[in-house]
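Both ligands and their constituent atoms are indexed starting at 1 by order of listing.
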Amino acid sequence: MGAAWQIIRGGQVLDIDARHVGPADILIAGDTIHEIGAPGLAAPESAVEIDATDRLVMPGLVNAHTHGHGSLGKGLGDKWSLELLLNAAPWTSGGFTLEDKRLAAQLNAAEMVLKGCTAAYDMYFEFPTASTDGVQAIVEGYRDLGLRVTLAPMMADITLFRAIPGLLDALPDPLRHRAEAMATAPSEQHIAVCREILEGWAFDRDTARPALGPTIPLHCTDAFLTACRDLAAEHDTGIQMHLAESKVQAVAAQTRYGKTLAAHLDSLGILGPSFTGAHCVWLDDEDLRRMADQGASVAHNPGSNLRLGSGIARARAMREHGIPVGIGSDGSGSSDNQNMFEALRLAAFVSRTQRAQPEEWLGTWEVLDMATQGGARVLGLEDRIGRIAPDYKADLVFLDLTHVNYVPLNDAANQIVNCEDSSAVDSVMIGGRMVLQGGAFTDFDFDALRAKVAESVARLAERNADKHDVAEMMARYVSSHCVGLACHGS
Ligand SMILES: [Zn+2]
């Protein structure tokens, strides 16, 4: 039996490579784009026709950095720096049951689909370690929505309080004792469970790929990092880490390693084509050269970086060095949404604060490229997703050109970047299957999810109440110590 055929007719197609929007038909065989041609393109008689009149068809957006567990934590914080966010993590992300893990993944995936995203790199946190059943539930959560995912268990073998030089000593006695008693799982335990996960990976790697996520260099011993490096090489998987996200981390690296974070990772042999640094706000020129030389990529998260006051990553300079750059939303605990249209617009806008010459700003076609093919490269799927081209997966977003965002329709590409807020997303196809049609999920009950999420967060709030209170007590000391550290390093 041959593949099922579908033909999309009557739409305007966004061709990012050609920097062109124009009428075209798209013939799909099974989950893959077969041919793109002028209106009236020949199709097999059996092909199911999809009417795309008044629709702009674009490649699905690819989120290069998110955290599925964070979906339950949107809106919890206000004036949080990264370190305050990490201080709050035990109550915002702790105590998840297996069902909570699945729900959070479903919620994250649902928001991405609703907002035109079809694939994501998720650093998902389970405490104290990842687990085989947890990973199974998380991947199934994504698959329930049809979203492609590269899933990296987020791990640390050093606590926040030990990772930041001087922080323990900055706490008053009772709090210091509490902080000293906090523990992570040891390196060997993380590695053992990750090995089990990788060896048992039963999902099709086009739809769900495994990766490793030792979270932050300072939060990981060198022995743990090199063990992750070796395990990733053994199983041909990616590694994603938060790299030089905050100034505190950049300053602490000098104290701890006597060199930059990127130089330290390079000396351990971690940087390479399957490595992605998320954020990379505080990299110097030498670091950028290092990343480029090793073929490493970057996940640029401008919304999160603004939200947490982390700074602005030098995406233009990264691209000048030849570093592949994708765009991410970051987790909803820090951004607080999964809106890739917002993320790509912010990527364009923040670049304009860094260079005086408008021709050096990130423009429409560049950010569209970063949010599609750039992300695909980060996920390790650059030969399969991110483009509307033959042999690429049929991951497509249909924007409603009658929506106010496109009235009048002056320049569709500029309007995607400068006007679109995801409210004109009409339909989303992933692997040839419509997962969202006319704004509604085709095969997922969002109302049921909403009810279960409400129950979960109520239970988690009760369960994590003590952790909330401890984090609140710690917050002012964490904040003042970290601010002092960052100022001292300037
Ligand atoms: Zn992150």
Q: Tell me, please, if His279 has any N/O/S atom, main chain or side chain, under 2.8 Å from the Zn ion (ligand 1)?
A: no
Q) Within the stated cut-off of 2.8 Å, is an N/O/S atom of Glu245 closer than that to the Zn ion (ligand 1)? A) no
(Q) Over 60° means perpendicular and under 30° means parallel, so tell me whether His67 and His65 are parallel, tilted or perpendicular. (A) perpendicular
Q: Hey, can you tell me if His242 and His279 have their rings parallel, tilted or perpendicular (30° and 60° cut-offs)?
A: parallel
Q: Check His65 and report its N/O/S atom nearest to the Zn ion (ligand 1), by atom name.
A: NE2
Q. Which atom, counting only N, O or S, brings Asp330 closest to the Zn ion (ligand 1)?
A. OD1
(Q) Need one value: angle at the Zn ion (ligand 1), His242 atom NE2 versus His67 atom NE2, rounded to 10 degrees. (A) 100°
Q: State whether the side chain of Glu342 and the backbone N or O of Glu420 hold a donor-acceptor pair below 3.5 Å, judged by distance alone.
A: no
Q. What distance separates Leu225 CG from Asp230 CG, expressed to the nearest 0.5 Å?
A. 11.0 Å
Q. Under 4.0 Å between a Lys/Arg side-chain N and an Asp/Glu carboxylate O for Glu320 and Arg314?
A. no
